[in-house]
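Structure, as structure tokens:
Per chain, numbering begins at 1; letters A, B, ... match sequence-line order.
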Protein chains: 2
Amino acid sequence: MATTQDRQLVEQWRSIQNSYFRTAAAIDRALEAKFDIGLNEFEILDLVAESVDSACRMKALGERTPMTQSAVSKVVDRLEKAGLVSRVTCTDDRRSLYLELTDAGRALHSDAAVEHRALLKENLGE
Amino acid sequence: MATTQDRQLVEQWRSIQNSYFRTAAAIDRALEAKFDIGLNEFEILDLVAESVDSACRMKALGERTPMTQSAVSKVVDRLEKAGLVSRVTCTDDRRSLYLELTDAGRALHSDAAVEHRALLKENLGE
DNA sequence: TGTCATTGAATGACGTGTCATATAGATTGA
DNA sequence: TCAATCTATATGACACGTCATTCAATGACA
């Protein structure tokens, strides 16, 4: 029994999906092309860049992103391999790690962020 | 130079991401558990179910979903393997295919749709 | 009619996300 | 202090999406 409310919900959902995928794809392509970095990689960089405190952060990162813990771990792998970030063990809890931007990471982030914000504006705030 | 407008954009984007991922994951888990079918599979079923006309539809499907053409093709593979849908060749253009729900597909869809709408309501319309 | 470009769909190689699990360090309580 | 348990992260198997390519059918035009 498809009520009109059901149809509205489905419409709303599809519209969310479309705008989400369109903007995500646009940003991903642009970052990939200009900075050789994926959207998820950038988002982690972005989170690291905005954490000025030096708390143990792998864990905290997982709470600020819809990514899985293991996804975050692998994204960080790639960032580290690319020399943009480094894992530093915490002295107060040696299970934990916190992340630091390397100089290259900081440089790339500040350029990529401009692109990122511009595309968000273009896609969200039309 | 992080303007406050930039921060708002980023906030807005993260909130979209979060609500998108949370609802998608909730629906996916529920459908998987109760009907052994993923979210993308359901969405294709749903599109097929709502196309009453018998136009050649693989193509049309691609236009109604953010999925790639090849993704659609593979989702349909799975639906076909599960006996929920069948591919029928078009007589007017033999490159094209249109899709039909099998009886099992129709039955599963009508049950799953109830669950789907309920979860949308729960997650979108708070 | 014969060639060339185009279109609808399928496929294989590959990257990345997820789940379940492993590992090492921390904490609790007897 | 020593188990038992819990917590932070890493890892391997696997599923799925994407890109590039392929194949067959169509259309266009000489």
Side-chain angles (χ1 to χ4, degrees), chain A residues 17 20-22 24-33 36-44 47-48 54-82 85-100, chain B residues 17 20-22 24-33 36-44 47-48 54-82 85-100:
Chain A
Q17 276 186 312
Y20 176 75
F21 276 113
R22 282 193 334 119
I27 298 175
D28 194 61
R29 286 166 179 287
L31 293 178
E32 201 85 58
D36 197 40
I37 201 188
L39 177 53
N40 283 349
E41 281 78 6
F42 174 79
E43 310 228 331
I44 293 296
L47 287 174
V48 175
S54 49
C56 301
R57 252 181 268 110
M58 276 300 276
K59 184 68 195 315
L61 244 48
E63 290 156 7
R64 289 198 175 75
T65 188
M67 283 182 251
T68 301
Q69 175 262 319
S70 81
V72 173
S73 179
K74 293 181 182 187
V75 168
V76 172
D77 279 351
R78 278 173 249 140
L79 288 173
E80 201 172 25
K81 245 163 232 155
V85 139
S86 55
R87 286 187 238 236
V88 184
T89 65
C90 282
T91 50
D92 57 329
D93 182 345
R94 281 163 30 227
R95 291 169 302 184
S96 291
L97 297 172
Y98 67 96
L99 301 178
E100 282 177 354
Chain B
Q17 275 186 312
Y20 176 76
F21 276 113
R22 280 193 334 117
I27 298 175
D28 194 61
R29 286 167 179 287
L31 293 178
E32 201 86 57
D36 197 40
I37 201 188
L39 176 53
N40 283 349
E41 280 79 4
F42 174 78
E43 309 227 333
I44 293 296
L47 287 174
V48 176
S54 48
C56 302
R57 251 181 269 109
M58 274 302 274
K59 183 70 193 315
L61 245 48
E63 289 156 7
R64 290 197 174 76
T65 188
M67 283 183 252
T68 302
Q69 174 263 319
S70 80
V72 173
S73 178
K74 292 180 181 185
V75 169
V76 171
D77 280 351
R78 280 172 247 138
L79 288 173
E80 200 172 24
K81 244 163 231 155
V85 139
S86 55
R87 285 187 238 234
V88 184
T89 65
C90 281
T91 49
D92 56 330
D93 183 344
R94 280 161 34 225
R95 291 169 302 183
S96 291
L97 297 172
Y98 67 97
L99 301 179
E100 282 178 353

side-chain contact (heavy atoms from CB on, under 4.5 Å) between A/L97 and A/R57, worked out: CA-CA 6 Å; A/L97 297 172; A/R57 252 181 268 110; over 6 Å; no

Rounded interatomic separation in angstrom, taking CG from B/L61 and P from C/dG8: 14 Å

Residue whose closest nucleotide on DNA chain D lies nearer the 5' end, B/E32 versus B/D92: B/E32

Interatomic distance, A/N40 CG vs D/dG17 P [rounded to whole Å]: 16 Å

Sugar-phosphate only, base, or nothing, as touched by A/S70 at under 4.0 Å among non-hydrogen atoms: base

Candidate nucleotides C/dT6, D/dA10, C/dA9, ranked by approach to the side chain of B/L97 - the nearest: C/dA9

Criterion side-chain contact (heavy atoms from CB on, under 4.5 Å) on B/R94 and B/T89, from CA distance to verdict: CA-CA 6 Å; B/R94 280 161 34 225; B/T89 65; 5.6 Å; no

For the student: nearest non-hydrogen atoms of B/V75 and B/E41, plus distance: CG1-CA, 3.7 Å

Comparing A/A71 and B/D77 on DNA chain C - which has the more 5′ nearest nucleotide: B/D77

Spacing of B/R94 atom CZ relative to C/dA9 atom P, expressed in whole Å: 15 Å

Nearest-neighbour nucleotide for the B/R29 side chain, C/dC19, D/dA8, C/dG17 considered: C/dC19

Listed nucleotide nearest any side-chain atom of B/M58, set C/dA10, C/dA13, D/dA8: C/dA10

Side-chain donor/acceptor of B/R95 to base of D/dT26, under 3.5 Å: no

Parallel, tilted or perpendicular: rings of B/F21 and A/Y20 (30°, 60°): perpendicular

side-chain contact (heavy atoms from CB on, under 4.5 Å) assessment of B/M58 paired with B/C90: CA-CA 11 Å; B/M58 274 302 274; B/C90 281; over 6 Å; no

B/R78, nearest nucleotide to its side chain (from D/dA8, D/dG17, C/dA10): D/dG17

Atom-to-atom span, CD of A/E43 to P of C/dT16 - whole angstrom: 15 Å

Per B/K74 side chain, nearest of listed nucleotides D/dT26, C/dT18, C/dG12: C/dG12

Rounded distance in Å - CG (A/L79) to P (D/dA10): 12 Å

Residue mapping more 5' on DNA chain D - nearest nucleotide basis, B/V75 or A/K59: A/K59

Separation of C/dT23 C1' from A/Q69 CD (nearest whole Å): 12 Å

OP1 or OP2 of D/dA10 under 4.0 Å from side-chain N/O of A/S73: yes

Distance, rounded to the nearest Å, where A/M67 contributes CE and C/dT18 contributes C1': 14 Å

Value in whole Å for how far the C1' atom of D/dG17 lies from CG of A/L39: 15 Å

